[in-house]
Amino acid sequence: MNYWLMKSEPETFSIQDLQQCNGQTHCWDGVRNYQARNFMRDAMQHGDLAFFYHSSCKIPGIVGIIAIASDAYPDHTAFDPESKYYDLKSTPEKPRWIMRDVKLVEVFKRIITLDALRQNEKLQDLRILKPGNRLSITPVTKEQWQAICAMSQ
DNA sequence: GCCAACGTTGGC
DNA sequence: GCCAACGTTGGC
């Protein structure tokens, strides 16, 4: 079992959007960074858990927990010229980008703000708190996972 | 394979 | 909307 942190702009896809799926899975598309893709494709496993992080919004922070609910499969939005994630170098024959399905596990009653994360000394090494780290998918250690879960109580 | 130019991310 | 920090691109 691995732990992850997955960022999304709530204007594009929020945890409330996922909540409206009523327990159904939803694809996590649009990852267009090789490092993030490699995490998602190689290290991530069906059944892993991830924090859902809202970025580029009024109060950035962790808003809940999701579960990885599929294996990796081609991100078809890369094939669609109408999509903002279109990439002409990715074809159905040779897909460059992949995605996975996720499902909602828990919505935190209160958002764990970026500010609060920064103030937790157990989270000094958390990837998203490092300057300049913009990866949309990052690994979280078991210790970090537990420390953050404790903050949600 | 170097590196300058350019684009993107994301907090502020 | 600013800007720092990266990642990507493409000429050489």
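Protein chains get the first letters and strands the later ones, always in sequence-line order, with residue 1 at the start of each.
Separating the CG atom of A:L129 from the P atom of B:dG11 is a distance of 10 Å, rounded to the nearest angstrom. With rounding to whole Å, A:E11 atom CD is found 13 Å from B:dG11 atom P. If you take CG of A:L117 and P of B:dG10, they are 15 Å apart, rounded to a whole angstrom. We find that CZ of A:R32 is positioned 15 Å from P of B:dG10, with the value rounded to whole Å.
Separating the CG atom in A:L18 from the CG atom in A:L104 is a distance of 5.0 Å, to the nearest 0.5 Å.
Annotation: salt bridge (charged side-chain N to carboxylate O under 4.0 Å, His left out) contacts involving residues 113-124 of chain A, sequence neighbours excluded, are absent. Applying the side chain to side chain donor-acceptor pair (under 3.5 Å) test to pairs two or more places apart or on separate chains, those with a residue in residues 144-153 of chain A are A:T141-A:Q144. Here salt bridge (charged side-chain N to carboxylate O under 4.0 Å, His left out) pairs that include residues 27-46 of chain A, with residues two or more places apart or in two chains, are A:R32-A:D75. Every pair passing ring-ring contact (aromatic ring centres under 6.0 Å, His included) that includes a residue from residues 95-129 of chain A is listed here, sequence neighbours excluded: A:Y34-A:W97. Applying the salt bridge (charged side-chain N to carboxylate O under 4.0 Å, His left out) rule to pairs touching residues 63-72 of chain A yields nothing, sequence neighbours excluded.
Residues from residues 57-65 of chain A placing a heavy atom under 4.0 Å of any atom in DNA chain C do not occur.
In this structure A:H76 satisfies the side chain to side chain contact (heavy atoms under 4.5 Å, CB included) test together with A:F79, A:M99, sequence neighbours excluded. When the side chain to side chain contact (heavy atoms under 4.5 Å, CB included) test is applied to A:D80, the partners found at least two apart in sequence or on another chain are A:E82, A:S83. Evaluation of the side chain to side chain contact (heavy atoms under 4.5 Å, CB included) rule for A:T25 yields A:A69, A:D101, A:K103 as partners, not counting sequence neighbours. Residues passing the side chain to side chain contact (heavy atoms under 4.5 Å, CB included) test with A:N133 are A:R127, A:K130, A:L135, A:T138, sequence neighbours excluded.
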Atom pairs under 3.5 Å, N or O on each side, protein against nucleotides 3-5 of chain B: can you list them with distances?
none

Table of protein N/O atoms under 3.5 Å from nucleotides 6-9 of chain B N/O atoms:
unit_1, atom_1, unit_2, atom_2, d
B:dT8, O2, A:R134, NH1, 2.7

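Across all strands, A:R118 comes closer than 4.0 Å only to sugar-phosphate atoms, never to a base (heavy-atom distances).
A:S14 places a side-chain N or O within 3.5 Å of a backbone atom of A:Q16 that can act as its donor or acceptor partner.
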